[in-house]
K.L.:
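A single structure is presented below for examination.
In this text, all values refer to a predicted model and were calculated from it rather than measured experimentally. Hydrogens, waters and symmetry mates play no part in the numbers below; they use all other heavy atoms, side chains included.
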Amino acid sequence: MKLLKLFFIALIMPFTSISGWAQTIDKLDLSLEQALEMVHEKAVDVLIAEETKLAAKAAYSQGNAVFLPQLSIEETGVKTNDPIGVFGIKLRQGIITPADFNPSVMNSPDALHSFTTKFQVLQPIINADGFYERKSAKHQFQSASEQAKATKEFVKLKVKELYYQLAILDKQTVVQQSFLESSKAHEEQAKNYFEQGVINKSEYLRAKVETLNAEQALLGAQNKRASINDALLLVLGINENHIIQVLDNLEFKEISMNSLPTTLGSNSSLNALEYQMKASSALLKAARFSFLPSLNAFGSYEMHDSQVFGNKSNNYTFGATLRWDIFKGYKQAGMVTQRKAELRKTELVYENSLNKYQVDVRNARRSINLALQSMELAKLKTLQTDEDVRIRTDRYSQGIEKTTDLLMAESTKLASQLNLLQAEYQYFVSVAQLEYLFETEL
């Protein structure tokens, strides 16, 4: 009896565990509008793009150093018995006396403490290369801003594609479930006919195999839905395990091709590349202007004492530096060549992206037309297969139709229904792609 109880517990535990696990997965009712709102708040790719934008903005703000002064306060403390150092400390502190000029004192002085408080100002005046480097940083920030918008639009496209796929898979599951029920009914009827001797065993087994295929197809659709469900959760940045309940039914709304934009829209991806070109152009100018001299002013005020932050004596210094780097080991010329190549590279990337954008727009238009035609054809095919199955079912019930022919008609009906769903999905995705390219709702 004990062994029997252990066997029974081991038998039911897996099912109990699976049931408990399934109950922990909550349903998440989600409309497409809610999903798109989550893109702004939780989508990881969007958050990363925003941080990249902030970093570029910070880099641009650093470029203000080419105009604004640099201020610093410095406190330096030393102790020395170096003859020159001691004499200089006394001179700076204003404590030189005639006795300090005694050769024995000058050659072997006692160690002194010295603390220097220094206020320093550095003011850029003319730095042409720095000006264009700052301009490049500005364009980099503008590019990052546009790239953040482009990332957001791309993630919205992926959300739409996954959401539409979930909606279609829900419909597909219903179709597969209906097909499975029909297959089971045909199998049961075939079994009765086989037992009555109306059909042979081969026809009965064919009906049984058809039921197994229907079960497998239904399981495949359910597994695919689970995978798409997880993919959508990942894109939206939802860490919890949820079963998404699609709230929006895909309602077909035909778009007139004449109402579509005929010119290129304001696309963030292209704008980002355009700013990249401007940034590269500014860096090229900065490299060329590095051959010119730079002019910078400086000033300092120092307080000297034997105590920290003391002011026994003080002095100031003001001046300006004109620096002209005539030759820096071919570094400047090499930098100009590098910047030229980088600018040409960004120009080629922009031209290629612009051409690809135009091709994508044309492909999306063609895809919409093809989806519309496929939908019309699939609707007609579905009506025809419905009628064919109805006729063959009546004939089969009278015993004047082969099982294989009926099952083939059912399979054809299923295929036409799935083709219609696929055409609907392709239509909605093509419209979403066109919306992404033009960054507007159609």
Side-chain angles (χ1 to χ4, degrees), residues 39-40 43-63 66 128-161 260-290 332-368 429-442:
V39 169
H40 303 273
V44 177
D45 290 342
V46 174
L47 297 178
I48 292 174
E50 287 295 331
E51 294 301 324
T52 303
K53 172 184 171 182
L54 292 177
K57 184 178 181 181
Y60 170 50
S61 65
Q62 294 176 37
V66 74
D129 55 342
F131 171 78
Y132 281 103
E133 287 174 354
R134 179 180 182 275
K135 193 171 184 180
S136 175
K138 178 182 178 181
H139 292 317
Q140 290 283 2
F141 166 60
Q142 292 171 321
S143 176
S145 300
E146 290 296 323
Q147 189 58 48
K149 294 179 184 177
T151 300
K152 190 177 298 181
E153 292 298 324
F154 181 74
V155 174
K156 287 169 64 176
L157 171 63
K158 302 311 295 183
V159 167
K160 288 181 181 179
E161 290 178 349
L260 295 177
T262 55
T263 58
L264 296 180
S266 178
N267 185 272
S268 300
S269 296
L270 293 176
N271 292 341
L273 291 174
E274 191 171 357
Y275 281 121
Q276 284 287 346
M277 282 195 302
K278 292 180 179 179
S280 296
S281 177
L283 286 178
L284 175 58
K285 291 180 180 178
R288 286 171 173 167
F289 275 99
S290 67
Q332 293 164 302
M335 183 61 70
V336 171
T337 303
Q338 178 184 341
R339 297 307 186 193
K340 282 182 179 179
E342 290 174 349
L343 175 59
R344 181 54 182 159
K345 176 183 175 181
T346 56
E347 289 173 345
L348 290 172
V349 171
Y350 177 77
E351 292 172 4
N352 183 66
S353 298
L354 180 60
N355 292 333
K356 183 178 182 302
Y357 174 81
Q358 295 171 334
V359 170
D360 289 341
V361 169
R362 293 195 294 269
N363 286 340
R365 290 174 181 269
R366 285 193 290 264
S367 184
I368 290 176
V429 168
S430 299
V431 171
Q433 289 174 342
L434 207 56
E435 290 175 337
Y436 161 70
L437 292 170
F438 285 104
E439 294 186 0
T440 184
E441 295 294 326
L442 300 178

K.L.:
Do other residues, nucleotides or ligands put more than 12 heavy atoms under 6.0 Å from the NZ atom of Lys160?
P.N.:
yes
K.L.:
First locate atom CD of Glu347, then atom CD of Glu342, and finally report the distance between them rounded to the nearest 0.5 Å.
P.N.:
12.0 Å
K.L.:
Any Lys/Arg nitrogen of Glu146 or Lys149 sitting under 4.0 Å from an Asp/Glu carboxylate oxygen of the other?
P.N.:
yes
K.L.:
Applying the side-chain contact (heavy atoms from CB on, under 4.5 Å) test to Leu283, which of Arg339, Arg288, Met335, Lys278 qualifies?
P.N.:
Arg339
K.L.:
Could you check if a side-chain atom of Tyr350 sits within less than 4.5 angstrom of a side-chain atom of Glu274, using non-hydrogen atoms only?
P.N.:
yes
K.L.:
Does any non-hydrogen side-chain atom of Val46 lie less than 4.5 Å from one of His40?
P.N.:
no
K.L.:
How about Tyr275 and Gln140: do any of their side-chain heavy atoms sit closer than 4.5 Å?
P.N.:
no
K.L.:
Checking Gln147 against Thr52 for the side-chain hydrogen bond (donor to acceptor under 3.5 Å, both in side chains) test, could you report, in this order, the C-alpha distance in whole Å, the side-chain angles of both residues, the deciding distance, and whether it holds?
P.N.:
CA-CA 9 Å; Gln147 189 58 48; Thr52 303; over 6 Å; no
K.L.:
Quick one: pull up CZ in Arg366 and OG in Ser430 and give me the separation to the nearest 0.5 Å.
P.N.:
11.5 Å
K.L.:
Closer than 3.5 angstrom, by distance alone: can the side chain of Ser367 be matched with the main-chain N or O of Asn363 as a donor-acceptor pair?
P.N.:
no
K.L.:
With rounding to the nearest 0.5 Å, note down the distance linking CG in Leu157 to CG in Leu434.
P.N.:
11.0 Å
K.L.:
Working to the nearest 0.5 Å, report the span between NZ of Lys152 and OG of Ser268.
P.N.:
9.5 Å
K.L.:
Do Val44 and Ile48 have side-chain heavy atoms sitting under 4.5 Å apart?
P.N.:
yes
K.L.:
Any idea how Phe154 and Tyr436 line up, ring-wise: parallel (<30°), tilted (30 to 60°), or perpendicular (>60°)?
P.N.:
perpendicular
K.L.:
Fit a plane to each ring of Phe438 and Tyr357, take the angle between them on a 0 to 90° scale, and name the class: parallel (under 30°), tilted (30 to 60°) or perpendicular (over 60°).
P.N.:
perpendicular
K.L.:
As a quick check of understanding, evaluate side-chain hydrogen bond (donor to acceptor under 3.5 Å, both in side chains) for Gln276 and Thr346, giving each step before the final call.
P.N.:
CA-CA 7 Å; Gln276 284 287 346; Thr346 56; over 6 Å; no
